[in-house]
Amino acid sequence: MRVSRLMLVTLRDDPAEAEIPSHKLLLRAGYIRRVGSGIYAYLPLLWRVLQKISAIVREELNGTGALETLLPQLQPAELWQRSGRWAGYTAGEGIMFHLEDRQGRELGLGPTHEEVITALAGELLRSYRQLPVNLYQIQTKFRDEIRPRFGLMRGREFIMKDAYSFHADEACLRRTYGAMDQAYRRIFSRCGLRAVAVEADSGAIGGSASQEFMVTADAGEDLILASADGSYAANQERAVSLAPEAVPLASGPRQGGAGEPLDTPGASSIEQLGQAHGLDPTQVVKVLLLLARFEDGCQQPLLVCLRGDQQLNEVKLANAVSARCGEAHGTLLELGPLSPEAASREGITDLPFGYLGPQLPDTALAAARSWQPRFLRLADATATALGAFVCGANATGRHLVGASWGALCPAPEALDLRAAQPGDRCLHDAAQVLEASRGIEVGHIFQLGRKYSAALEATFTTEAGQEEPLWMGCYGIGVSRLAQAAVEQHHDANGICWPTAIAPYEVIVVVANAAEPAQLQLAERLYGELQAAGVDVLFDDRAERAGVKFKDADLLGIPWRVVVGRGAAEGQVELVQRAGGERQDLAVADLQPLLLERLARERQGLLAA
RNA sequence: CGGGAUGUAGCGCAGCUUGGUAGCGCACUUCGUUCGGGACGAAGGGGCCGCAGGUUCGAAUCCUGUCAUCCCGACCA
């Protein structure tokens, strides 16, 4: 392709709308244009990148025996009502764009395709003999993100590869899940990206085991906690660890474990309490009140106990609450702190915030107008493990010292609700410590189990002649996000440095002075020869000064630059590698063999390394 | 949705405090010089000043409303 025909518009200044390097560079180099909030046009250069990524994804998935398909983006509400996700995805902070057709039928614009594929599988897969099957598609997804940002990182319309597998039993699901894990590692390696697999929360998709693939980059939205020995890595949402040891309360239980009152005016936070009365945060049980709102309108107050030095992990809490109430009240729509303002709107004005203790009786909710009149009481295991502790006395300006579970109040169910922190000891080896890094989530694989097949009655006949719901897995890759993540991981002060495997073009031939016939002729010749040799080659034939063309070549991030300049008459050209900036002068005859050899290796991405 | 900010030419910005009919850099067009790291000179083209009301002889500027976009938090590939 000739640059003069490429519709190339590069920007010298950073666009004001972009914040992170990859977003700025994609805009400046003419890869994308914003059309609306979270909506982008993929310009021709980026489309080539996306097609290269897609080709790698296809090759690897086809290699596992997966089948490519294409499912509708317009999806009937009825399908989502059957799976129980319509309300959760459209009401409240739901992310599904939805609309009504001229007949008044409700439709959703697919944010994901579990419903459609499961309904199809239910119709088509009748016997264990047809299993397993793994179907995938590469397609635009629509999500009405609460806050689109960072260009393609979190758009409202984006390209995703999603795959869904169907199995006769769980062991088979596990095998395919393992095969997808391996395929994903190969895909990211082939794209030239450093990626790590981490344990993850299953989120709104549901199901049991799940693993995320993170491209490591400082601008990543996710916090990864990993052990230095490489045997444990998890998203912070999911990470588990050993909490620091608690400092025992010197005097032990007092007043038989009911605790001794202590006047603590003004000490409504753990820090203030600790400073004023010489207490360690690990000696305190703190009580958080939260409110959960469900699909059926039920509003459930929660009383959560944590050890004073620990932070709540809301994802873990939301999972625990869903597990306990989901059956009766449907999807958990919202979970947040129970504020004094919200309480007083309910008619509850006497909650001593800052001095709450786990013995707070349900009668505190007696005045509630629309809330459930009983707390759902949960505790982190670090709190229930305390033999004697300090807690609020449920009266402003007063705490109890030396309280113990049983005597003060029954211990709530002990769960893991705490947020693991960098520096925590690991569960698998207490000598290992969790270290933090940032990542961009580019892939996520799930063992869904039978959640969707049961809801949508997608069953098959087993060898024994029984009707059973299909076992399912689902596997996603954010293709457009991956392209931007690659830029985030591979750029420098001058622009993008694409890994060759996904670069829009592999080589750019730059004619230093297009007015010089010898240069122009040689450049034309090399351009033609490289094309004939199967190289994706750009030819910068513009009547620009050399400096402009060099700057643009760097900004675009083409891995190899061939400069046809002063040495053209003597048959000399210069070869420059974009990443690293290595340059060498070559005889024209040596160029192509050298380039072809390097490209052959680089097209394999990190697999070649 | 809560908190913060910004809307002036394709992009980046000034002008607004103190109202008087819109400017700078880049980009674009033409000509000349230049020609290996975003050249120089000359001459040009391009703006419903986000939108709607209001105040005023007069509004980019003041007032009210509204929309959009971006940033910080909750969601996700």
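Every heavy atom of this structure was used, including side-chain atoms; hydrogens, water molecules and symmetry mates were not.
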What's touching nucleotides 29-31 of chain B from the protein side, N or O pairs under 3.5 Å?
none

Quick tally for nucleotides 23-28 of chain B: nucleotides whose base has a protein heavy atom under 4.0 Å get B, sugar-phosphate-only ones S, the rest -, giving --BSS-

Give none if B:G47 has no partner; otherwise give the nucleotide forming a Watson-Crick or G-U wobble pair with it, both distances under 3.5 Å.
none

Of the candidates B:C75, B:C35, B:G12, the side chain of A:R545 sits closest to B:C35

Spacing of A:E441 atom CD relative to B:C75 atom P, expressed in whole Å
13 Å

In the strands shown, is B:C35 matched to any nucleotide by a Watson-Crick or G-U wobble pair with both distances under 3.5 Å, and which?
none

Go through the N and O atoms of the side chain of A:D14 and the base of B:G12, and report whether any donor-acceptor pair is under 3.5 Å.
no

Rounded to the nearest Å, what distance is computed from the CD atom of residue A:Q519 to the C1' atom of nucleotide B:G36?
9 Å

A:F550 six-ring centre to A:R561 NZ/CZ under 6.0 Å and within 45° of normal
yes

Between B:G38, B:C76, B:G36, which nucleotide has the shortest distance from any of its atoms to the side chain of A:R143?
B:C76

Decide yes or no, distance alone: a donor-acceptor N/O pair under 3.5 angstrom between the base of B:G37 and the side-chain of A:R583.
yes

Would you say the rings of A:Y475 and A:F446 are close, in the sense that their centroids are separated by under 6.0 Å?
no

Polar pairs (N or O, both sides) under 3.5 Å between protein and nucleotides 66-71 of chain B?
{"residue": "B:U69", "atom": "OP1", "partner": "A:S37", "partner atom": "N", "Å": "3.4"}
{"residue": "B:C70", "atom": "OP2", "partner": "A:S37", "partner atom": "OG", "Å": "3.0"}

Nucleotide opposite B:G12 in a Watson-Crick or G-U pair, distances under 3.5 Å
B:C24

State the pairing partner of B:A68; accept Watson-Crick or G-U wobble contacts with both distances under 3.5 Å, and report none otherwise.
B:U6

